[in-house]
A.B. asks: 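One structure follows; several queries about it will come next.
This is a predicted model, so every value here is computed, not measured.
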Amino acid sequence: MIRTTPSTQSAPEIAYEWLKTYIAELPRDEESFLNEAVLAKSTGTSRTPVREALLRLEAEGFVKRVPHKGAYVPPISDPEVRAILQARSVVEKWAVLGLGDVLEGQLDALQRLIDQQRDAQDEPARFIELDTEFHTLMVRAGGNPILADFYSSLRQRQLRIGVLAVTQGAGRAEQVLREHQMIVDALRKRSVESTHEAIDAHLDSTRLAIIGY
């Protein structure tokens, strides 16, 4: 669980960061209802900051508000996992078609994210947050803001299924680092074919780590 620092963050921000990590670590195939009073105690804040955090998380797609029941976190089924990864494949492979337009600075930024992930291997939620940033940056480098926005809409589900993969699969974090490095190396070579192959290999191994087939 990522811990926040009260001296440097507001109560709503503390509640938001705690809740985002908590939701990311929930079993992806189970539904959950979140109780504001319990969450206020868990986050060390009060119900008002928790309520503000839940509204923000709802806008980002992490939770759904159900009248008279509270905040609901829906399950993510095996077919949905496959659909998410298929959508990612389409967007990510499209984004790298214009490799000539990808700047060296963007490639350096991708490399820095890999380095940060390496330092966060013992923090699954942080590791996957950086994982999502890595892929999002790659998609944004493609220069299509509509596709970038669509990709961002998958963020909360990517966090949940990604955390599951790195916590249940032995050595999965190291495997992710190797696969990310293969993507960056292919990008630096400006080889669309090699980059597509690296993306496919990464998403295939992600699917196997999550649902086993």
Side-chain angles (χ1 to χ4, degrees), residues 1-85 87-88 91 113 116-117 119-137 139-140 145-168 173 206 210-211:
M1 181 73 70
I2 298 172
R3 301 299 179 187
T4 54
T5 306
S7 61
T8 59
Q9 291 183 297
S10 65
E13 189 66 25
I14 291 170
Y16 169 80
E17 292 293 343
W18 191 96
L19 278 164
K20 184 173 68 174
T21 300
Y22 175 76
I23 292 169
E25 294 177 347
L26 288 173
R28 60 98 182 165
D29 55 350
E30 298 178 12
E31 64 179 9
S32 299
F33 280 95
L34 307 180
N35 180 281
E36 288 184 3
V38 173
L39 292 174
K41 183 176 180 180
S42 297
T43 60
T45 60
S46 64
R47 294 184 69 164
T48 297
V50 166
R51 192 171 297 117
E52 291 180 24
L54 287 172
L55 288 171
R56 181 176 170 185
L57 289 165
E58 181 183 21
E60 295 175 352
F62 280 81
V63 300
K64 297 179 180 179
R65 304 288 286 187
V66 179
H68 312 300
K69 289 190 176 182
Y72 171 66
V73 182
I76 302 174
S77 65
D78 285 1
E80 188 173 4
V81 170
R82 294 179 67 89
I84 291 167
L85 294 175
R88 285 183 55 185
V91 175
L113 286 169
Q116 291 174 41
Q117 276 192 288
D119 294 335
Q121 290 183 71
D122 294 330
E123 302 175 75
R126 174 61 178 161
F127 184 90
I128 296 302
E129 183 76 38
L130 290 165
D131 183 284
T132 303
E133 288 183 29
F134 176 91
H135 289 279
T136 299
L137 176 58
V139 169
R140 286 177 179 162
I146 302 300
L147 282 180
D149 285 347
F150 165 73
Y151 194 86
S152 294
S153 73
L154 303 174
R155 179 168 171 257
Q156 64 89 9
R157 286 174 288 183
Q158 291 188 60
L159 284 173
R160 286 181 67 195
I161 64 178
V163 169
L164 174 70
V166 297
T167 54
Q168 290 190 351
T206 300
I210 297 167
I211 62 178

A.B. asks: State the CG-CD distance between Leu130 and Gln121, to the nearest 0.5 angstrom.
C.D. replies: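 Rounded to the nearest 0.5 Å, the CG-CD separation comes out at 11.5 Å.
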A.B. asks: Which pair of heavy atoms, one from Pro124 and one from Val166, lies closest together, and at what distance?
C.D. replies: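 Shortest heavy-atom separation between Pro124 and Val166 comes out as CB-CG2, 3.9 Å.
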A.B. asks: Which heavy atom of Leu57 sits nearest a heavy atom of Lys20, and at what distance?
C.D. replies: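 For Leu57 versus Lys20, the nearest heavy atoms are CD2-CB, 4.2 Å.
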A.B. asks: What distance do Ile128 atom CD1 and Thr167 atom OG1 have between them, rounded to the nearest 0.5 Å?
C.D. replies: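 One gets 8.5 Å once the value is rounded to the nearest 0.5 Å.
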A.B. asks: Side chains of Arg126 and Gln116: closer than 4.5 Å at any heavy-atom pair?
C.D. replies: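 Side-chain contact under 4.5 Å: yes.
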A.B. asks: Suppose we screen for side-chain hydrogen bond (donor to acceptor under 3.5 Å, both in side chains). Which residues come up paired with Thr136, at least two apart in sequence or across chains?
C.D. replies: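 If we apply the side-chain hydrogen bond (donor to acceptor under 3.5 Å, both in side chains) test to Thr136, skipping adjacent residues, there are no hits.
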A.B. asks: Measure across Pro27 and Arg160 and return the closest heavy-atom pair with its distance rounded to 0.1 Å.
C.D. replies: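 It is O-NH2, 3.0 Å.
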A.B. asks: With sequence neighbours excluded, tell me which residues meet side-chain contact (heavy atoms from CB on, under 4.5 Å) with Ala87.
C.D. replies: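 In terms of side-chain contact (heavy atoms from CB on, under 4.5 Å), with neighbours along the sequence ignored, Ala87 is linked to Phe150, Leu154.
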A.B. asks: Applying side-chain contact (heavy atoms from CB on, under 4.5 Å), name anything that partners Asn35, two or more places apart in sequence or on another chain.
C.D. replies: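 Residues passing side-chain contact (heavy atoms from CB on, under 4.5 Å) with Asn35: Ala37, Val38.
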A.B. asks: Residues two or more places apart in sequence or in another chain: which of them pass side-chain hydrogen bond (donor to acceptor under 3.5 Å, both in side chains) with Arg56?
C.D. replies: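 Arg56 satisfies side-chain hydrogen bond (donor to acceptor under 3.5 Å, both in side chains) with Glu13 once adjacent residues are dropped.
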A.B. asks: Using ring pair (Phe, Tyr, Trp, His ring centres under 6.0 Å) as the criterion, list what pairs up with Phe134, not counting sequence neighbours.
C.D. replies: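 Here the qualifying residues are His180.
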A.B. asks: Kindly say whether Pro75 contributes a backbone atom to a donor-acceptor pair with the side chain of Glu31 at under 3.5 angstrom?
C.D. replies: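 Absent.
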A.B. asks: To the nearest 0.5 Å, how far apart are CG in Leu159 and CG in Asp131?
C.D. replies: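 The CG atom of Asp131 is 9.0 Å from CG of Leu159, to the nearest 0.5 Å.
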A.B. asks: Can you tell if the side chain of Arg140 reaches within under 4.5 Å of the side chain of Ser152, non-hydrogen atoms only?
C.D. replies: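 Yes, close enough: below the 4.5 Å cut-off.
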A.B. asks: Going through the checks in order, is the side-chain contact (heavy atoms from CB on, under 4.5 Å) test met by Glu129 and Arg155?
C.D. replies: CA-CA 9 Å; Glu129 183 76 38; Arg155 179 168 171 257; 2.8 Å; yes
A.B. asks: Can you confirm whether Tyr16 sits close enough to Leu54 that some side-chain heavy atom of one is under 4.5 Å from a side-chain heavy atom of the other?
C.D. replies: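 Tyr16 does not reach Leu54 side chain to side chain.
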A.B. asks: Can you name the nearest heavy-atom pair linking Ala120 to Phe127, along with the distance?
C.D. replies: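 Shortest heavy-atom separation between Ala120 and Phe127 comes out as O-CB, 3.6 Å.
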A.B. asks: Residues in salt bridge (Lys or Arg N to Asp or Glu O under 4.0 Å) with Asp78, at least two apart?
C.D. replies: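 Asp78 satisfies salt bridge (Lys or Arg N to Asp or Glu O under 4.0 Å) with Arg28 only.
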A.B. asks: Sequence neighbours left out, what pairs pass ring pair (Phe, Tyr, Trp, His ring centres under 6.0 Å) with at least one residue falling in residues 28-47?
C.D. replies: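 Checked against ring pair (Phe, Tyr, Trp, His ring centres under 6.0 Å) - neighbours excluded - the pairs reaching residues 28-47 are Phe33-Tyr72.
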A.B. asks: What distance do Arg82 atom CZ and Ile210 atom CD1 have between them, rounded to the nearest 0.5 Å?
C.D. replies: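 Spacing of CZ (Arg82) from CD1 (Ile210) equals 11.5 Å.
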A.B. asks: According to salt bridge (Lys or Arg N to Asp or Glu O under 4.0 Å), who are the partners of Arg88, at least two apart in sequence or on a separate chain?
C.D. replies: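 By the salt bridge (Lys or Arg N to Asp or Glu O under 4.0 Å) rule, Arg88 matches Glu92.
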A.B. asks: So, for Pro49 and Ala15, which heavy atoms are closest and what is the spacing to 0.1 Å?
C.D. replies: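 For Pro49 versus Ala15, the nearest heavy atoms are O-CB, 3.9 Å.
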A.B. asks: Mind checking side-chain hydrogen bond (donor to acceptor under 3.5 Å, both in side chains) for Thr45 and listing every partner two or more places apart, or none if nothing turns up?
C.D. replies: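 Counting only residues at least two positions away or on another chain, Thr45 forms a side-chain hydrogen bond (donor to acceptor under 3.5 Å, both in side chains) with Thr43.
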A.B. asks: Which heavy atom in Ala40 sits nearest to a heavy atom in Ser46, and how many Å separate them?
C.D. replies: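 Ala40 and Ser46 have their closest heavy atoms at CB-C, 3.6 Å.
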A.B. asks: Glu58: which residues meet the side-chain hydrogen bond (donor to acceptor under 3.5 Å, both in side chains) condition with it, sequence neighbours left out?
C.D. replies: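 side-chain hydrogen bond (donor to acceptor under 3.5 Å, both in side chains) check on Glu58 returns nothing, list empty.
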A.B. asks: Listing request: all salt bridge (Lys or Arg N to Asp or Glu O under 4.0 Å) pairs with a residue in residues 64-75, at least two apart in sequence or in separate chains.
C.D. replies: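 Of all non-adjacent pairs touching residues 64-75, those that pass salt bridge (Lys or Arg N to Asp or Glu O under 4.0 Å) are Glu36-Arg65.
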A.B. asks: Could you walk me through whether Val63 and Leu34 satisfy the side-chain contact (heavy atoms from CB on, under 4.5 Å) test, starting with their C-alpha distance in whole Å, then the side-chain angles of each, then the deciding distance to 0.1 Å, before giving a yes or no?
C.D. replies: CA-CA 9 Å; Val63 300; Leu34 307 180; 4.1 Å; yes
A.B. asks: What pairs with Glu80 under salt bridge (Lys or Arg N to Asp or Glu O under 4.0 Å), at least two apart in sequence or on another chain?
C.D. replies: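 Residues passing salt bridge (Lys or Arg N to Asp or Glu O under 4.0 Å) with Glu80: Arg157.
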A.B. asks: Mind checking whether Tyr151 and Gln158 have side chains closer than 4.5 Å, heavy atoms only?
C.D. replies: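 Yes, side chains in contact.
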A.B. asks: In Å and rounded to the nearest 0.5 Å, what is the CD1 to OG1 distance from Ile211 to Thr206?
C.D. replies: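 Ile211 atom CD1 to Thr206 atom OG1 measures 11.0 Å (nearest 0.5 Å).
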